[in-house]
Undergrad: 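Following this message is one structure expressed as structure tokens.
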Protein chains: 2
Amino acid sequence: KQTNKQKTIWKQSFRSRRLSTVDLEEDIDPVRSRPKEIPHNEKLLSLKYESLDYDNSENQLFLEEERRMSHMGFRCLEISRWVICGLIGVFTGLIACFIDIVVEKLAGVKYSVVKKNIEMFTEVGGLSISLLLWVVLNSAFVMVGAIIVTCFEPIAAGSGIPQIKCYLNGVKVPRVVRLKTLVVKVCGVICSVAGGLAVGKEGPMIHSGAVVAAGVSQGRSTSLKKDFKIFEYFRRDTEKRDFVSAGAAAGVSAAFGAPVGGVLFSLEEGASFWNQMLTWRIFFASMISTFTLNLVLSVYHNKTTELSSPGLINFGTFDLECVQYSLYEIPLFICMGAIGGLLGALFNLLNYWLTIFRIRYVHRPCLQVMEAMMVAAVTASVSFAMIYLSNDCKPLKMDNSEEYPLQLFCADGEYNAMATTFFNTPERSVRSLFHNPRGTYNLLTLGFFTLTYFFLACWTYGLMVSAGVFIPSLLIGAAWGRLFGVLLPNKTFIKPIWADPGKYALMGAAAQLGGIVRMTLSLTVILVEATGNVTYGFPIMLVLMTAKIVGDYFIEGLYDIHIKLQSVPFLHWEAPATSHWLTAREVMSSPVTCFNQLEKVGTIMDFLSNTATNHNGFPVIVQATFGMTCLFLLCGLILRSQLIVLLKHKVFVERAHSRLHQRKLQLKDFRDAYPRFPPIQSIHVSQDERECMMDLSEFMNPTPYTVPQETSLPRVFKLFRALGLRHLVVVDDVNKVVGLVTRKDLARYHMGKHGLEELHLAQM
Amino acid sequence: KQTNKQKTIWKQSFRSRRLSTVDLEEDIDPVRSRPKEIPHNEKLLSLKYESLDYDNSENQLFLEEERRMSHMGFRCLEISRWVICGLIGVFTGLIACFIDIVVEKLAGVKYSVVKKNIEMFTEVGGLSISLLLWVVLNSAFVMVGAIIVTCFEPIAAGSGIPQIKCYLNGVKVPRVVRLKTLVVKVCGVICSVAGGLAVGKEGPMIHSGAVVAAGVSQGRSTSLKKDFKIFEYFRRDTEKRDFVSAGAAAGVSAAFGAPVGGVLFSLEEGASFWNQMLTWRIFFASMISTFTLNLVLSVYHNKTTELSSPGLINFGTFDLECVQYSLYEIPLFICMGAIGGLLGALFNLLNYWLTIFRIRYVHRPCLQVMEAMMVAAVTASVSFAMIYLSNDCKPLKMDNSEEYPLQLFCADGEYNAMATTFFNTPERSVRSLFHNPRGTYNLLTLGFFTLTYFFLACWTYGLMVSAGVFIPSLLIGAAWGRLFGVLLPNKTFIKPIWADPGKYALMGAAAQLGGIVRMTLSLTVILVEATGNVTYGFPIMLVLMTAKIVGDYFIEGLYDIHIKLQSVPFLHWEAPATSHWLTAREVMSSPVTCFNQLEKVGTIMDFLSNTATNHNGFPVIVQATFGMTCLFLLCGLILRSQLIVLLKHKVFVERAHSRLHQRKLQLKDFRDAYPRFPPIQSIHVSQDERECMMDLSEFMNPTPYTVPQETSLPRVFKLFRALGLRHLVVVDDVNKVVGLVTRKDLARYHMGKHGLEELHLAQM
């Protein structure tokens with residue numbers, strides 16, 4: 001516990017340090033501000049996060065446009081928003097279909113070839129050749145996937161969920177919503193799933209949906225140099241963020257057939273902006289997305305009238321008699337939740353160490369590709385070994401759901417049970433674990449499978465391939481859950497309702513996934529929707545809640561770990577509980593570069609070019625005289641991007657008369673430049689022009705939000721989070737600017753083991 | 001379209017009017033500010049709304065307490081919150097059980113008696129006596145219900161959903177969350193359902209849950225004069241609101257067995273405060289509530305291990321073969337949505353006229369009781385007539401689900417089909433309409449039933465009895481939906497999948513309910529959860545969306561109509577689209593009563609007692625001198641309630657030295673007074689004490705949020721809505737107070753047919 005005296009010392013040290021590092025809002029040498037234990041690598045260093053701005057882009061021109069707009073104009077905008085959401089849903093659904101069909105085809109070809117090969121060599125005894133074939137096939141797929149990711153778009157690695165979480169939180173990871181990223185992501189995920197890695201194709205769908213949304217809503221593609229001249233109104237951060245959240249929801253919806261879960265995911269990650277109409281639109285996008293997927297896949301599989309594939313992963317139908325649970329099972333479910341929390345924490349801890357190791361030693365592209373290939377080879381070998389060593393033979397039924405039953409050393413008419421889990425796409429394995437009748441797997445099979453898949457999945461997450469962690473988590477959990485279920489009736493009193501190990505497999509899957517990703521409401525709903533039955537709602541909630549509480553005791557969720565490792569200035573829901581004694585005065589950057597309402601071009605150029613004062617927002621001040629006293633009062637806020645557009649178009653006061661002939665600077669000019677504003681180095685201003693003046697009053701945000709210096713950190717935090725601010729001006733009693741609070745100033749505080757701690761964050 | 005010139009005229013008229021009515025934030029004569037077409041009645045006049053305060057109660061004492069609090073302290077608070085949410089769930093579930101069991105018992109007795117009587121008189125031909133018996137029984141129940149509501153707690157009338165919407169929005173309808181209200185509500189709803197009115201017991205559950213939450217979270221009952229001295233930290237609006245939203249969610253959850261739907265309902269109505277942990281807690285309360293209900297009812301019905309009654313209403317299990325829908329049915333569903341929207345709009349319009357009629361002519365308690373009894377008598381008579389005139393006889397099956405099959409004039413072994421819908425609790429009738437096999441009802445039965453029940457339900461809603469509109473809406477919709485389904489196959493090409501009219505009954509129910517209440521995401525989820533099957537998610541969403549779009553074209557949702565008729569200053573999600581040209585200067589109240597930091601007690605007493613300046617928040621100013629100029633700068637904001645506590649405890653500067661011996665005024669004193677602060681009239685100050693000074697700086701909120709005068713209305717609105725403010729201080733360039741924006745100033749603008757219009761609101 002910190003005493004008040006300690007707090008005072010802290011406060012002083014904060015203040016002095018803040019004053020010395022002054023106003024380096026951006027481009028600080030990131031090495032200096034990175035925690036010591038995490039070494040830098042070139043990839044991470046090259047990332048520079050941008051903070052999104054939901055408020056201050058509302059400059060004068062924008063306000064005037066809105067004032068002029070009629071009732072009909074707003075109605076048209078509203079209709080456009082619905083159309084865009086529909087399009088987002090359709091495109092996201094189509095991408096999901098594409099991934100699904102291609103993966104099924106490729107995996108089908110691969111498994112058929114290997115199966116034939118194994119069958120050929122089982123008799124004659126040269127199975128090492130089969131192993132080699134399998135290893136080579138897997139490595140080849142993964143190599144292609146890893147190469148496109150590392151060479152073309154490293155940001156497309158992983159599931160993309162941490163990046164989308166950051167985007168919805170207000171931090172833009174560079175290039176995260178570009179078309180190129182989408183293409184690389186889609187190809188990458190196909191390769192890695194087809195390559196037999198312990199990964200899923202569901203996580204990347206969320207990222208894909210977000211990219212689709214960011215693209216469609218802007219009515220143009222900068223990469224393709226194509227501007228459709230539509231939806232220009234939506235070219236600003238606030239609107240784009242809303243659409244991206246719809247896209248993420250559509251992605252979840254397509255991945256799991258869970259439209260409500262998708263909406264909740266978006267809201268859980270970025271809900272400072274909830275609004276009934278927006279939610280309804282997000283839901284619409286989700287519904288359209290799952291419907292499109294359903295329709296296309298049904299047509300593809302010639303079951304047009306059935307509409308039975310709402311998502312990429314399908315948990316299958318649980319029979320009505322086996323979905324029932326009895327009161328006595330509830331403690332068992334809670335127990336499973338605790339196991340899931342523990343295993344999840346272990347998974348996250350191992351992955352955390354692995355990621356630090358990777359940041360330190362594995363940062364060259366060739367090394368990364370080689371690591372990915374190695375994992376693929378090991379995965380194939382381990383699977384093969386497990387299948388080879390297993391002697392769990394089951395009779396082959398006529399209506400068998402296994403697509404590739406391997407006979408191997410089993411008697412005729414039998415197949416190897418271990419192969420049904422390893423020699424298959426993970427989605428099918430999950431379904432088998434949920435639905436295959438009691439006795440399909442023996443205990444050893446399940447135990448070994450859990451153990452090996454746990455370490456394989458842990459090793460795989462974080463490789464430079466596009467892949468998600470949802471399905472591997474579900475698979476691990478389903479395996480030990482089924483084990484749990486199979487073990488139960490022998491040791492305790494038996495009831496017919498307990499007879500279904502599939503139910504325990506489902507609970508185990510929920511527990512494991514909850515223990516790893518630590519999502520709450522949205523995950524409950526996603527799992528309920530994927531199960532297709534609300535009866536399990538209560539036990540799934542219990543399991544997830546227990547898993548989260550137990551897991552949180554040890555370590556954070558997997559996505560949060562990765563966000564923290566990348567030093568993203570992520571704002572949580574609330575300020576740390578014990579930060580009430582900090583005020584705006586301590587956390588703000590000070591002194592701040594301010595501009596006069598009428599400012600010399602040269603001064604502006606100098607400030608913008610000076611990398612030491614690399615701010616993104618500048619308070620605009622005006623002089624006021626009270627008797628003998630002369631005060632500089634805040635009258636607005638202008639953004640770096642806006643200044644650059646002004647400089648580019650040379651909107652100088654001296655040119656005002658000649659501008660009468662010219663076109664007046666319009667909102668369109670700002671929108672055309674959005675979101676890739678040119679750097680200040682590309683602006684050239686002659687020596688004469690440096691002496692000109694610029695009138696900022698027309699282009700600044702005339703009413704920025706302000707707080708007094710004494711405002712406590714939680715209040716500042718609340719304002720920042722609720723309104724989605726990028727800059728918050730701190731003023732004194734007479735409205736004089738004394739500092740500027742940015743996202744980074746707030747995100748640096750977090751609760752550590754010993755009270756409040758300061759984080760080191762990447763540059764913004 | 002309004003031209004700019006018109007806007008300027010508007011602006012000027014606004015400003016002059018605002019300046020003349022000056023700062024009457026409260027207690028304006030409500031007759032003057034009520035729209036002309038709606039006459040006043042005493043009941044409405046006696047209501048005075050309070051605005052909840054989520055921000056400015058954070059005064060200095062509170063901030064200091066939070067600063068002193070340790071990490072462990074915050075953890076304890078968090079655990080308390082979970083415990084409270086659990087308790088809320090348990091109590092809400094128990095109340096639902098109580099209502100359910102008592103209603104079933106009473107209705108069972110009533111229907112048995114009437115059935116016996118009818119059977120007795122069918123042969124001998126004196127059915128008018130049976131009718132009379134039925135009428136008398138119904139009227140008696142309803143009379144009791146209406147008398148307790150009108151005499152003891154008129155606010156307990158209706159479903160309570162509009163009131164809870166207002167509470168979550170930030171407006172407190174007086175006495176809405178008191179224990180007395182809960183008792184009256186529960187008894188009232190039992191009487192009105194048992195009395196056979198066209199009402200449901202589900203809506204009132206939401207209100208009941210909210211009251212439970214408000215009670216449990218405060219750790220005391222003012223009505224019972226019992227203070228448990230626990231949960232004192234939660235005695236402020238922000239915390240209480242969070243718990244009330246959990247209570248409302250628990251209520252929905254218990255009513256429909258829809259925990260996720262409950263959470264979404266709470267969020268849809270008051271989501272400016274979404275926060276992951278809070279949501280998770282709300283979800284926990286919901287889950288506990290439905291689980292408690294399930295457990296208790298299962299034990300009650302001797303089916304302990306089944307847990308098959310998650311909610312008060314149960315849509316029953318839809319068979320897997322009949323839940324499928326085909327692509328061709330989607331246009332039909334959309335069509336049904338449109339019908340639902342139209343019928344819903346008609347329902348709302350009729351009810352709107354009826355409510356105006358009631359406000360004008362039916363405002364004496366005896367008239368209200370008589371009207372309720374009349375409706376009960378008419379309901380019974382109409383039902384009887386319909387049953388009597390119907391000759392739709394169906395064979396009685398052995399496993400018949402009808403509890404009270406009436407033979408009447410049917411042959412032996414047959415029963416009257418009309419009676420299954422009229423002679424039953426509405427919940428059972430809904431279930432029959434969903435699940436009875438094709439051919440149970442003939443077309444005429446369904447048609448007549450829809451028609452009569454539509455008007456009966458419309459007449460019933462708004463009576464002075466506790467009752468909800470969900471079940472009647474579902475019933476009307478299910479009836480015409482089934483009619484729709486039955487009519488279909490004869491006219492179009494037949495497919496086996498179309499054979500189930502129960503599916504169309506469900507869609508009709510969704511359409512009708514959506515058309516009346518116009519909820520969006522939450523209603524979709526509630527219906528999906530009540531159905532127990534996610535397959536219907538997409539069609540239900542389509543139906544609800546269509547119903548909302550069609551209905552909104554004509555008239556608002558039923559709850560919104562009632563909120564508007566009561567002139568509640570309700571803040572919608574966003575400012576009206578075309579209000580960008582209004583600024584804080586035009587909407588604010590000005591001039592404002594300000595206090596000095598060191599203020600004379602007499603001045604404060606005078607201002608607080610003066611009914612003409614009946615503010616609730618007062619900016620505190622301090623004098624600053626700049627050269628020759630003397631400025632009064634804003635330094636804080638203090639609430640009326642805080643001043644009253646200060647005056648009550650006589651916290652005067654002159655007494656400071658004697659106060660050293662006394663106990664210092666603590667946060668506890670404010671908390672003990674919350675939420676029923678004494679009126680100013682109860683404070684007595686001697687003439688000597690009037691000359692004393694009070695130092696407000698210790699008790700005010702030192703950092704109130706402010707905006708400059710030029711801030712546009714949508715920006716002010718956003719700030720207000722996002723942070724849940726009660727007062728927003730408007731300042732000029734040098735931080736001088738120029739006005740105060742309150743909830744009422746913002747709620748008065750709305751989009752009418754001809755652009756922006758001003759509403760007349762009740763006093764606050």
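So that the names make sense, note that chain A is the first sequence line, chain B the second, and so on, each numbered from 1. Worth knowing before you read on, the calculation uses all heavy atoms, side chains too, and leaves out hydrogens, waters and symmetry mates.
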Undergrad: Would you mind checking which part of B/Glu574 comes under 4.5 Å of any heavy atom in chain A, side chain (CB onward), backbone (N, CA, C, O), both or neither?
TA: side chain
Undergrad: Tell me, out of A/Leu634, A/Thr531, A/Thr524, who's got the most heavy-atom pairs with chain B below 4.5 Å.
TA: A/Thr524
Undergrad: Is any side-chain heavy atom of B/Thr703 closer than 4.5 Å to one of A/Val707?
TA: no
Undergrad: If you count heavy-atom pairs under 4.5 Å with chain B, which of A/Ile288, A/Val263, A/Leu631, A/Asp733 comes out on top?
TA: A/Asp733
Undergrad: With a 4.5 Å cut-off on side-chain heavy atoms, are A/Leu264 and B/Leu264 touching?
TA: yes
Undergrad: With heavy-atom distances below 4.5 Å as the criterion, would you say the side chains of A/Phe291 and B/Met541 are in contact?
TA: no
Undergrad: So what's closer than 4.5 Å to chain B heavy atoms on A/Lys548: side chain, backbone, both or neither?
TA: side chain
Undergrad: Indicate yes or no: at least one non-hydrogen side-chain atom of B/Thr706 is less than 4.5 angstrom from one of A/Thr706.
TA: yes
Undergrad: Taking the side chain as every heavy atom from C-beta outward, state whether B/Phe74 and A/His580 have any pair of such atoms under 4.5 Å apart.
TA: yes
Undergrad: With only heavy atoms counted, which part of B/Val525 is less than 4.5 Å from chain A, the side chain, the backbone, both or neither?
TA: side chain
Undergrad: Taking the side chain as every heavy atom from C-beta outward, state whether B/Asn701 and A/Arg715 have any pair of such atoms under 4.5 Å apart.
TA: yes
Undergrad: Name the region of B/Leu521, side chain, backbone, both or neither, that has any atom closer than 4.5 Å to a heavy atom of chain A.
TA: both
Undergrad: Pair B/Phe283, A/Met545 - check side-chain contact (heavy atoms from CB on, under 4.5 Å), show working.
TA: CA-CA 11 Å; B/Phe283 191 38; A/Met545 193 179 277; 5.9 Å; no
Undergrad: Is there a side-chain contact between A/Trp573 and B/Met277 in this structure, where contact means two heavy atoms from C-beta onward sitting under 4.5 Å apart?
TA: no
Undergrad: Roughly how far, to the nearest 0.5 Å, is CZ of A/Phe284 from CG of B/Leu542?
TA: 8.0 Å
Undergrad: Is B/Ser579 close to chain A through its backbone or its side chain, or both, or neither, when contacts mean heavy atoms under 4.5 Å?
TA: neither
Undergrad: Run the side-chain contact (heavy atoms from CB on, under 4.5 Å) test on A/Lys718 and B/Leu723 for me, step by step, so that the C-alpha distance in whole Å, both residues' side-chain angles and the decisive distance to 0.1 Å come before the verdict.
TA: CA-CA 8 Å; A/Lys718 196 174 152 200; B/Leu723 301 177; 4.1 Å; yes
Undergrad: Can you tell me how far the CG atom of A/Asp732 sits from the CG atom of B/Asn735, to the nearest 0.5 Å?
TA: 8.0 Å
